[in-house]
Amino acid sequence: MGSREEILGNIRKNTLFSFEKPSYEIDSIKYEDKLQAFCDMLKVAGGQPVFMSPDDDLDKLISRLYPDAKRIASNLPDVKCAVYNPDEIENSRELKNTDLSVVSGAFGVAENGAVWIPLNVKYKALYFISESLVILLDKREIVHTMHEAYKRISGERYGYGLFMSGPSKTADIEQALVFGAHGPMSVSVVLY
Amino acid sequence: MSTRHSTAAARFLKDREQEKWHDETLWLVRAKRDKMSRSLPEWETLRNLAASIKLYSNSHLADLLEQFEKNAAGNGAIVHWAKDAEEYNRIVYDLLKERNIKRLAKSKSMLAEECGMNSYLMERGIDVVETDLGERILQLMHLKPSHIVLPAIHIKRQQVGEMMEREMGTEKGNFDPTYLTHAARKNLREIFLNSDAAMTGVNFAVASTGEIVVCTNEGNADMGTSFPKLHIAAFGLEKIVPDLEALGVFTRLLARSGTGQPITSYTSHYRSPQNGGEFHIIIVDNGRSEILKNREHIRILNCIRCGECMNTCPVYRRSGGYSYTYFIPGPIGINLSMLKNPKLYSDNLSACSLCLSCSNVCPVKVDLGEQIYRWRQQLDGLGQANPVKKQISMGLKYLMDRPKVFNTALKFAPLANQMPRFVLYNKLNAWGKGRELPHFAKKSFNELWKNNQVK
């Protein structure tokens, strides 16, 4: 514990000023149509918003979106086209070579097209390892900004969670945008 | 006498085409940032709020770090403290050695760069694999990052392609970024699946919950931590924020400022170790607590490493990251290097035109340009002032203090118009290097005024 005491002591000794904690209240942007803004921003991030009406069949919708996907993983009972339940495997490495994963998101953020996903599968690897990802999201669950988003998850208990905005991307080679750096090449958010 | 920055910049400028591309590409990123900032009416209020939160947290660091430690431990993480680079490197190495780990999948961390962690571990037999694409390209080319967010911005696609032909067996002559990126994806996937430990940097550490937040576009941090049992995360102690609501402010600013995106693809919150795994968090000081007592430079601790000050800086854009003598270039690098070792790094101070564009765009309102100005006032005290420029300044002061001598000198100034160039442009005239002297008027303003010739 030597360094801990030394560092904390040094900080206390060297702190010359004390600034007050500011109020977080801020008059932030409110979209006329939150859902529309969410869809627009998701597209900017390279994701695909897809609307599902109550009569639509989820499996048909998925196969229309990803006709070539064969190894489909999901722990959601409604996803009948899933060929395996990722929560039943022993080791996250077995998720390799998954074509498509179908997961659910908690809410979306209008200002940036991100979806909050608190870990709701056994291995978080599932969100990243498959070639494509479908996120199911209740279209009434959209907040305007990250301020609202964090207010909403404050007090929630999660071991891991993430805001995901579109597919994995990089521009590290001459600033040319490429989807699918390490995670999914394609992300669709199915709004029901 | 040129600084090491200006000498290196002259080398960068020799490749005009590359210089133009570098300049214009980074300016495009800056323009994307402007578009983002204008899409939010509250942008300036957000910047002010972010700066205030940082000033609050940096003046309550000890309390917040203790709070973080307590909450992280409650989540099942193990917290370590490192007072310097050596201790940080040793903690990482010991964690790996005790578990007989041979390969570490590493995502981006400027702290690891600062502490020379990669070479420390590799000398001791650990295979450290960079997993951010830009960092991986540089690692395989045995090069260092030239930008903190766009590390390989100075590398051309042909160079990447040629390196990947050798290292990953890609098609000869195929320099297509999509092809190369996907080849690297395949190659790194095996690394992710077969590493025994993962290391991530930290964008934000949240005191009230004990969690760390990592922002990436590639998803490499998340892929890296998805398979091995051990996750090591390390952060410089100024990365602490009080609570989740503060994150609402910073996550709105970070990517918009840095890359002109509304948010990064992944903003990942790590609280607990994964099932059956271990989660170690290292809090690193390495000189940061000393910055606290430096009144004029305390705001440097506000920095969230978005990289925007590099994109906007006219000197950085036209001289490249390698022209600086510190591992972090650009306006923030100049300042960090001066706080690290002013004698060693004062060359970087010349890499600034005092246009203050950096200060004007910084999302957390670090007064970058103003601080560079203040450092320059101390150059003489550090024994680093340019002797020729110092002579010129002293000469000018002599003239300015003596109006009679000044007016006489002015009378004879037009003579300079006829002087041969070698008399005027030589090593005694540092100002004339790269600049043309003005054409002196026949009569001074003073003379014209006295003769009623001013209209």
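Chain identifiers are assigned alphabetically (A, B, ...) following the order of the sequence lines, protein sequences preceding nucleic acid strands; residue numbering begins at 1 within each chain.
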Cut-off 4.5 Å, heavy atoms of chain A, and the answer for B:D63 is both
Report which part of B:L46 has an atom under 4.5 Å of a heavy atom belonging to chain A: side chain, backbone, both, or neither. both
Heavy-atom contact with chain A under 4.5 Å, split by part of B:I298: side chain
For a side chain to side chain contact (heavy atoms under 4.5 Å, CB included) check, start with the C-alpha distance between B:L65 and A:I11, then their side-chain angles and the critical distance, and finish with the verdict. CA-CA 10 Å; B:L65 287 167; A:I11 293 171; 3.7 Å; yes
Can you tell which of B:L180, B:I53, B:T45 has the highest number of heavy-atom pairs within less than 4.5 Å of chain A? B:I53
Can you tell me if A:H182 uses its side chain to pair, donor with acceptor, with the backbone of B:T131 under 3.5 Å? yes
Is it the side chain or the backbone of B:D222 that comes within 4.5 Å of chain A heavy atoms, both, or neither? both
Donor-acceptor pair, side chain of B:S59 and main chain of A:F19, under 3.5 angstrom: yes
Please state whether the side chain, the backbone, both or neither of B:R288 comes within less than 4.5 Å of a heavy atom of chain A. neither
B:P177, part contacting chain A, at a heavy-atom distance under 4.5 Å: both
Going by atom types alone, do B:S289 and A:K13 pair a side-chain donor with an acceptor below 3.5 Å? no
Check each atom of B:E211 against the heavy atoms of chain A and say whether the ones under 4.5 Å are side chain, backbone, both or neither. side chain
Pair count under 4.5 Å, heavy atoms only, with chain A: among B:E87, B:H182, B:E42, B:R185, highest is B:R185
Lys/Arg N to Asp/Glu carboxylate O, A:K21 vs B:E245, below 4.0 Å: no
Could you tell me whether A:F128 and B:Y266 have their ring centroids closer than 6.0 angstrom? yes
Under a 4.0 Å threshold between the charged nitrogen and the carboxylate oxygen, would B:D285 count as salt-bridged to A:R4? no
Which region of B:N220, side chain (C-beta onward) or backbone (N, CA, C, O), has a non-hydrogen atom less than 4.5 Å from a non-hydrogen atom of chain A, or is it both or neither? both
In sequence, state the C-alpha distance, the side-chain angles, and the governing distance for B:I263 and A:M41, and then conclude on side chain to side chain contact (heavy atoms under 4.5 Å, CB included). CA-CA 10 Å; B:I263 194 167; A:M41 294 319 286; over 6 Å; no
Ring geometry between B:H269 and A:Y150 (parallel below 30°, tilted from 30 to 60°, perpendicular above 60°): tilted
Which atoms of B:V29 are under 4.5 Å from chain A, going by heavy atoms: the side chain, the backbone, both sets, or neither? side chain
For residues A:S165 and B:T264, report the shortest heavy-atom separation together with the two atoms involved. CB-O, 3.9 Å
Between CG of B:L247 and CE of A:M146, what distance do you get to the nearest 0.5 Å? 8.0 Å
